[in-house]
Q: 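Take this structure, written in C-alpha cells, and hold onto it; I'll ask about it next.
Values below: every heavy atom of this structure, side chains too, minus hydrogens, waters and symmetry copies. The structure displayed is predicted, hence computed values, not measured ones.
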Amino acid sequence: MATIASLLASTRNPFPCFRQPLYPGSRSLVFRRYLEPCGRRTPTVPRFIRACQPSEKVGGDGGGVSASAKSYHFGNELLSFASDNFLPLALVTGVGMGFANPSLGCLADKYSLSKFSTCGIFIISGLTLRTEAIGAAVKGWPLGIFGLASILLLTPSFSRLVMLFQLQPQELVTGLGIFCCMPTTLSSGVALTHLAGGNSALALAVTVASNLLGILTIPFWVSRYIAGGVGVSFPTDQLFRSLIVTLLIPLIIGKVIRETFKGFANFVDNNRKLFSRMNAICLSLVPWVQVSRSRSLLLSVEPKVFLAAIGIGILLHLSLLAFNALSIRILSGLSGDYNSKNSKGNGTAVLLVASQKTLPVMVAVVEQLRGAFGEPGLLVLPCVAAHLNQIMIDSILVNVWLRKSNASSTDGGSDSEDESDIEEEIQEVQNNDINNRYLQDNSDDDDDIDTKRVIKPTKDKRFEEMTHTVEQMKNAMKINDWVSLQENFDKVNKQLEKVMRITEAVKPPTLYIKTLVMLEDFLNEALANKEAKKKMSPSNSKALNAMRQKLKKNNKLYEEDINKYREAPEVEEENEPEDEDDDDEEDEDEFEDDDSKEAVTDEEVDETTDTRWETMLNKKDKQMEKLLSKDPKEITWDWVNQKFKEIMAARGRKGTARFDLVDQLTHLTKIAKTPAQKLEILFSVISAQFDVNPGLSGHMPIKVWKKCVLNMLTILDILVKYTNIVVDDTIEPDENETSKPADYDGTIRVWGNLVAFIERIDTEFFKSLQSIDPHTREYVERLRDEPMFLALAQNIQDYFERMGDFKAAAKVALRRVESIYYKPQEVYEAMRKLAELVEEDEEAEDAEEESGPISSFIVVPEVVPRKPTFPESGRAMMDLLVSLIYRNGDERTKARAMLCDIYHHALMDNFGTARDLLLMSHLQDNIQHMVISTQILFNRTMAQLGLCAFRVGMITESHSCLSELYSGQRVRELLAQGVSQSRYHEKTPEQERMERRRQMPYHMHINLELLEAVHLIGAMLLEVPNMAANSLEARRRVISKNFRRLLEISERQAFNAPPENVRDHVMAATRALTKGDFQTAFEVLNSLEVWRMLKNRDSILEMVKARIKEEALRTYLFTYSSSYESLSLEQLAKMFDVTEAQVHSIVSKMMINEELHASWDQPTRCIVFHEVQHSRLQSLAFQLTEKLSVLAESNERAMEARTGGGGLDLSSRRRDNNQDYAGAASGGGRWQDNNMNSGYGGRQGNNRSGYGGRPGQPRDWSGQNRGGGYAARAGSGNRGGMQMDGSTRMVSLNRGVRA
Amino acid sequence: MEETKENYDLTPRVAPNLDRHLVFPILEFLQERQLYPDEQILKFKIELLNKTNMVDYAMDIHKSLYHTEDAPQDMVERRAEVVARLKSLEEAAAPLVTFLLNPNAVQELRADKQYNLQMLKERYQIGPDQIEALYQYAKFQFECGNYSGAADYLYQYRTLCSNLERSLSALWGKLASEILMQNWDIALEELNRVKEIIDSKSFASPLNQVQNRIWLMHWGLYIFFNHDNGRTQIIDLFIQDKYMNAIQTSAPHLLRYLATAVIVNKRRRPQLKEFIKVIQQEHYSYKDPIVEFLACVFVNYDFDGAQKKMKECEEVIVNDPFLGKRVDDGNFSTVPLKDEFLENARLFIFETYCRIHQRIDMGVLAEKLDLKYEEAERWIVNLIRTSKLDAKIDSESGTVIMEPTQPNVHEQLVNHTKALSGRTYKLVTQLLEHSQGQAAR
C-alpha cells in the first residue's frame, strides 16, 4: 500500500524537473534528486540548499545518492525508475534537449516531424483504446452528462479567467487558456478513477465521448475565448478541419485496426507498455521541437514568470476541481441520492475526469495554430507543466481519499488493466506492485513487506533515521571502518539539523550528544592505539584524520552538552523523546504546508528569507546570539576587531549565509569602539551587501540596496565629521590603525574605495530597472529611489572635491550626469519636486529604524544632507557637472560625459551646439574602439541628435544622423532597446545574455516609433523629389536605400490597405507626394499617433507641412515640367498654398542648381521652360554613351584585376570617378562627412564659453594626436573614403561577442 | 537706429583679441563716429592706459574727461615709477644698445646666430643677460608708446635671441609696433612671419595654437583693410581650413570681414561657394547684415531681402572701425570701401538675377539694384559692352533679354565620348605590354 509519505515525495520531486530548463547547469542535480529514494527525502532539503552555496548543494546531494546507492542497488533502481516514469522523463528530456541543442529540433521542425508525431499519438491512442466497458456507464448517466457538459461547455470558460492574468510573455497564459478548452485526459483520469474506487466505466465513457465531441467544440472555444483575448481573428472551420485530419482520423484508424484485427488488439494489450512508451516519445517530440524552435524566446522568459505560469496552472486545476466538486454535490443533492455508494463512485469518476485536461490534444491544436497566438514553444511549455501537475495533484487527492475512507485501494487492481496511457506512474499506483520501489516508502525499513504501513509522524521518522545512522556508525566502529564512519557522521549532522528544525529545540537531542561522546571516546582510543593506526589502509587513515578534525570542531559547539551528558548520561536520555511526542500532529501539518509553499516560491528567496532565517538555528545564529548577548561593558576595541576578523574570514566561504553576514556586521557597526573602526566595518557591511546577490544577471534586492545607500551616507557622515580619517585603497593600512580614537591627531587611514562603491550601487540600480517589468507599479516605485542615489552621489562628489581628489569626483560626477542626461526639463522638474517629497517620508522611516534595541556606541549625527539639491534647470546641472569632468576626468569618463552632454543639448533642441560638440570631440572617429556601453550611448546620442534636427526643421541633417541607424534593420539592438530577431543566424545564449545585460531601462528609451517616423519622413522629403528628378537617368542616385526598399515593397502590393503602422503612413504619404498632392500627404502624416510624444507638436507639424509643400512643389516641377511651356508664379503659389516669394525662392534655387531647365520671365511673372526634352534618338545616344563609359570602366577594372593593379593612372582615375559619384550622392546633405571634415575638422581645443571658457583649460583630449593634421581630410577628395567609412560608423554591438 | 548701430558694433568681441595698444585706434574711431557717449569712451581709454606706461597720455585724457588741471595722485606716482624703471632698463640694455647703434660693429654680425652670440660675448662682453635686457627694454618702450624704438630693438633682439618662445613674442611685438606705426608693407611681412611660425611650430596644445591663430586674424584686420593687396590676403588667410576652423569655433564675428572681402574682391569667386556653406553652418551662431546679404543672394534667392540687407550693410560698413576707413576727399570724406561694396553687391544680385531670368523689366531691375532707371540702363549697357553679360536691351518694352545658353546636344555627346577612345587605346597598349611581358618571361 502506498503511503502518503511516498506520494508526497513523488509529487514533490518533479518540481525541480520543471526548473530544469531554466537552469541547465543544475540538470544533473535534478535528475539525481529525482532518482533518490523518496521516503528518505525530506522537505527540508531545498531549504537547506538555499541556505548554503550552490556548489555545495550539488556535492551534498550527490553524496547522499552515492551513499544510498550502496545499499539499494542503484542500477536496478535507476532502470525501474526510468521505466516507471517514462512519460515525465521523456517530456523533460524533450524539453531539455530542446534547450541544450536547438539545431536538431529545428531540423526536425523543417521536416514537420511534430505533425507526424501528433498523428502517431492518436493512432497509438486509437490502438490502445478499449471501449468494451462503456456499457457499464449507463447507470450513472445524469452525472456522466454533467461531466460531459462540464468538460466541453463549462470548463472552457475558465480560459477567460486565465486570460485575465498578465504575464510577460503572454503566450504562457495563452497556452494555459488553450489548455482549458481541451477535453479530458485520455487515460489518466480513468486510471485514477479506478484507483479511487470510482465508476471507471463511467469515466471511460465520459473520456471517449468528450474526446470525440471535443473535436467539435475546441475550435469554437479557442476562437471565442482565446482568439478574442489575444485579439487575433481566427479561422474556426480551418482548425476544425485540421483537427479532424490530425486527431480524429488517426484515432479512428487506430480504433478500426484494433477492432478489425483481433490478434493485433491482443498484441497491443500484451505490449501495452511498449505502446505507451512510443506514445510518450511521440508526445515528448512535440515540446522538443517547439522548444528548440523558440528556444531563444524561452530563454528570455524570466524564471519567475515561468513559475508564475506554473502556479496559474496549478491554480487552474485546483479551481476546476473545486468547481466540479461543488457542481457534483449540488447535482447529487438535487437528485436526492447523496449518500448512496453508487452515486459517490460516479461522482468521483466525473470529478476526476472532468477536472483533467489533455496534453496530446492541446499539442495537436497548437500544432495546427501555426503560431497564430505566438510562439508554439511558449504555448506548450506551461501546459506540459500543468499536465504533470494535474496528474500529481489528482494522485494526491486520490490517496487522501483512500486514507480517509481507510479503504485499501489495492484490492481489485490486478485485472483492471484498462489504463493505456502515458501516465505510467498512475498505472503503477493502480497495480500496486510490491516490487515497485518508486512508489513505496523505501526508507530504511525496506524489508517490511506488509503494505499496510503505519504513517509515522515526520518527527519520529527523523529520529528513526538518525537512530539508524547511529546504528550504522556503531557497526562501522566495530569494524574500524573510518570511511563509512565519516560519511555517517556527516549524515548525522545533516539529520540533526532537520530534527532540530522540526522539534524547534534549542538543544540537540540526547541521541546526538550520546553519539558524539561515543565517537570521541572511540576516536581517542583509535589515536592511542598507534599500531593499529599504522596498519590502516591509506584511505582509512585519511578518513581518521579528517574525522579527528571534524569532531574537534564540532564538539566545541556542543561542549556544554557533552559535559553535562558525561555527568549524567541517563537522565537526559529519558526526558528527550517524550517531550517531542507531544506536538506530533502540528508538526506534520506544518511540515506539509511548508512543503507546498516551498515548491511554489522556490525562487523567491529574498522575500521569504526573513522567516526562514529565524527558523534556522545553526552555528551562525549562535554566533549572532553571542554577539547580541555580550555585555556592553565588556566590549573592547580588540574584541570587536577580533569578532570582525572572524566574520570576515567566513565571507565567501561555503555555507556562509550572506544575509547573516550582513546582520552580524551591521550589529558590529553598532558596537564599534572608534569611528575609524565603525567606518572599516561599514565598508565591509557594504561589500557584504553587494555579495548578497550572486551571479551577474540578477540584481540586488531593493531593500538591501536602500540599506546600502544609507550605509554609504553614514560613512560619509563619519568622514565629514572626522576629517582626519582618510579612505584609501592603495595602501594596506596598519593593523591597529582603526584603534586610534576619535580625537587622534594624525590621519587615520582606512581601506576602502568610495568610487567603486557608488559605481556599484549605480550599476545595481540600473540592473534592477532593467529587470523590473516597466509597466508595473514596482518600476515606478523603483524610479522614485533615484533622488536617493543622486543625493548620495552628490555628497560623495562634494566630499571628494573637498579632499581635492578631483579625479574621483569626476567619476562620481559622471554617474550623476548619466542619470540626468536623458531627462527633458519637465522630467527634471518632476524629479526635483519628488526629491523634496520623498525625503520627508524617508526621514520618518529612518527614525523608526534607528530606534532599534541597541544604540550604537559611536553615534554619528547626520552631517551630510540627505536631500539632493538641484539647480533650476537640467542644463545648468549638466554644465556644472560636465565642466568638472572635462577638467579632471580620464579619457573614458570624458568621452561618456561628452556624449551625455551632446545628448542633453539635443534634447533641449540646441542642435547647433550639440552638433558642434560632437564634431569637436571627434568621437565618431574613435568610437569603434570604445566599450560597447559607450558605443550604445553614442548611438543613442546620434538618434537623439537626429530627432533634435528634425524638431528644429533640419531635415537633411536629421536624415544623415538617422540613416545609418536604420541601414541594418537592427535599431533595437543598436539602441539597446530590445533584442532584434535575426532570421538568418541564431545567436548563442552567451550573446543573448550579453545583449540582455546591455538593455536600457524602459524610462530611458527613445521612442522607436517616433524615431522611425522621423527617419522615414526625412527620407521621404529627400528622396521623393530626388526620384522625380532622376527618373530618367540610368545611373540613379539613391539617398536612402532603406526608404527605397520599403517603397518598392509597398509598390509591389496589389492593394493598399489603409495605413496601420508608421511605415504604412509614410508610404501612403509618399504615394501622395509623388503626385504632388501635398494635402493628402500631410493629412496622412498628421494622423500618426507618435506626434503626441512631441513637446511643441503644432509648430513641428507646421514645419513638416511647410516642408511637404516645398517638396511637393519641387516634385511637381520635376515630374511635370516637360508638359509645360510656361507656368505662372501665381498659379504655382495657389496650387501649393505657398507664398509667391517662397515659390520664387524655391524655383530660383532649382534653376541655379540646374535641376530645372527653365528661367523666369520677369515681366509676366512666369517660369519659362526651356526645351530640355531630348528627342528619342538623343536620349538613346546619351544612354549609349553612358553605357559605353561603364563598359570601358569595367574593362579597365578587369584589366587591373588581371595585371594586378598595373596602370596607376587607371586606378586613380577610377577612384576619382567613384569619388565624384559618392560626392554627388552625398549631395551636400551629409554633414557628417562633408562638413565634418571640411568645415569643422579642427574644432578641437576651442574654448567656447560655457564649456570651459577658462583659458588654458585643455579641451583637446579628443584630438591631441591629430595635431594639425586634420586639415588633410578636407575637400571633396576625401569624400569617397569617408562615404565608405560611414557605413561602419554606426557601431555594431556584436563585435565584442564574436571576437 | 542708434540701437542697431551699437548692435552691429563688434568692438566688444574684437577687443579681447587685441593688444591694448591696438584698441586705441578703434576707440578713436568710435569716438569720431560718436556711437557711444564721449565720456564712456574716455573712461574706457583711461582704464586701458592704466596698465600701460603711457601715463602722460592718460593724464591728458583724465584732464579732458573731468575738465580739471591736476592729475590724480596715483597717476603722478605711477609716472615717477615708470620713469625710474625706464632708466634702469636703459642702463641694463645700454651695452647692447650702444653696440647696435654702432654701424661698424653691426656689420660684424653674420647670419649665423651661434657665431654672433659667441662674438658678442668675446669682444663686447655682451651675454644673455644683456640680450634679455634688450627685450625688456623694447617691451617697455612699446608700453610707453614709443613704437618705432620698440620695433627696432625687437628686430635686433630677434637676430640674437635663442629662445623660440621669446622670439615669437618679440615677433608679435614687432607686428604690433608696425601696425601702430601704420607701416602696412612691413606689417604684412611680419604677419606672414608670425603665421609661418604658428603653422609650423608644434604648439604645446592645439588650444594654444587656435588662440594664436585668432589673435593673428584679428591683428591682421588692421593690415588687410589698409594694405592695397589686403583684401586678397584676407581671403587667402581666412579661407584656409585651419583658420576657418578657428573662426567657426571661437570668433564667428570675423565672418563679417571675410564676407566683405569676398564681396569686394572679384577675383576670389571660386572660394565663394565654400564660404557660403560656412555661412549656412554658422547661421545659428552669428548674424550680420553682410553675411545675411550673402545668404539672401546665394542661399535663399531672396532678392528683395538682399536689397534690404544691402542698405543695412552700408550702415555697418560706415560704423566699422576696420571697414569704415575714411578718405578725405576735399571737403567731404568718403568711405571708399562702402562704394566698392555696394557696387559689387549690386553686381552679385544682378548676376544671380540674370542667371535665372529670361526677361527682366528694367524698372524692376533698377529698383532691385537701388539705382535710377537711367543709371541702371547705363550700368547694364556697360556690362553688355564689356561682354560681362550676354544680353540685349529691348528698350521698346523696357526689358533686358538674356541670351539663352543652352548646351548643344551634339557637343555634350562628343564630350561624353571623347575620353573613351583614349582610354580604350591605353587599355589595349597596356594589355599588349602585359602579354609581351608575360611572353618574355
Q: If we define contacts as heavy-atom pairs under 4.5 Å, which of A/L1184, A/V1168, A/V1147 has the most with chain B?
A: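 Greatest number of close heavy-atom pairs with chain B: A/V1168.
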Q: Roughly how far, to the nearest 0.5 Å, is the NZ atom of B/K426 from the CE atom of A/M1199?
A: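 Atom-to-atom, A/M1199:CE and B/K426:NZ are 12.5 Å apart.
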Q: Would the distance check show the side chain of A/S1145 and the main-chain N or O of B/N300 forming a donor-acceptor pair, the cut-off being under 3.5 Å?
A: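 Looks like yes, one N/O pair under 3.5 Å.
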Q: Within a radius of less than 6.0 Å around NZ of B/K308, do more than 12 heavy atoms belonging to other residues, nucleotides or ligands occur?
A: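 At most 12 heavy atoms, drawn from other residues, nucleotides or ligands, come within 6.0 Å of this atom.
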Q: Can you tell which part of A/A1141 gets under 4.5 Å to a heavy atom of chain B, answering side chain, backbone, both or neither?
A: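 Looking at A/A1141, nothing touches chain B.
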Q: What distance do A/K1149 atom NZ and B/D302 atom CG have between them, rounded to the nearest 0.5 Å?
A: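 Those atoms lie 11.0 Å apart.
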Q: Do you know the tightest heavy-atom contact between B/Y301 and A/H1144?
A: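 Heavy atoms of B/Y301 and A/H1144 come nearest at O-ND1, 4.1 Å.
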Q: Count the heavy atoms of every other residue, nucleotide or ligand shown that sit under 6.0 Å from CD of B/E367, and state whether that count exceeds 12.
A: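 No - once you tally the heavy atoms of other residues, nucleotides and ligands closer than 6.0 Å, there are 12 at most.
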Q: Under the side chain to side chain contact (heavy atoms under 4.5 Å, CB included) test, which residues partner B/A251, sequence neighbours left out?
A: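 Partners of B/A251 under the side chain to side chain contact (heavy atoms under 4.5 Å, CB included) test: B/I214, B/H218, B/H253, B/L254.
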Q: Could you have a look at A/I1152, A/I1146, A/I1167 and say which one has the most heavy-atom pairs with chain B under 4.5 angstrom?
A: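 Looking at each of A/I1152, A/I1146, A/I1167 in turn, A/I1152 comes out on top.
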Q: Which atom names give the shortest non-hydrogen contact between A/S1189 and B/R423, and what distance separates them?
A: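 Taking A/S1189 first and B/R423 second, the nearest heavy atoms are O-NH2, 4.2 Å.
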Q: Given that the side chain runs from C-beta out, which part of B/T424 has a heavy atom under 4.5 Å from chain A: side chain, backbone, both or neither?
A: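 Neither part.
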Q: Measuring heavy-atom distances to chain A, does B/F303 have an atom under 4.5 Å in its side chain, in its backbone, in both, or in neither?
A: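 Just its side chain gets close to chain A.
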Q: So which part of B/L431 gets closer than 4.5 Å to some heavy atom of chain A, the side chain, the backbone, both or neither?
A: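 Both parts, backbone and side chain.
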Q: Tell me every residue that passes side chain to side chain contact (heavy atoms under 4.5 Å, CB included) with B/Y373, counting only those two or more places apart in sequence or in another chain.
A: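 For B/Y373 the side chain to side chain contact (heavy atoms under 4.5 Å, CB included) partners, ignoring immediate neighbours, are B/M362, B/E377.
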Q: Within a strict 4.5 Å, meaning less than it, do heavy atoms of the B/R359 and A/T1164 side chains meet?
A: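 Yes, close enough: below the 4.5 Å cut-off.
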Q: What closest approach, in Å, do B/T399 and A/P1163 show between heavy atoms, and which atom pair accounts for it?
A: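 Nearest heavy atoms, B/T399 then A/P1163: CG2-CG, 3.7 Å.
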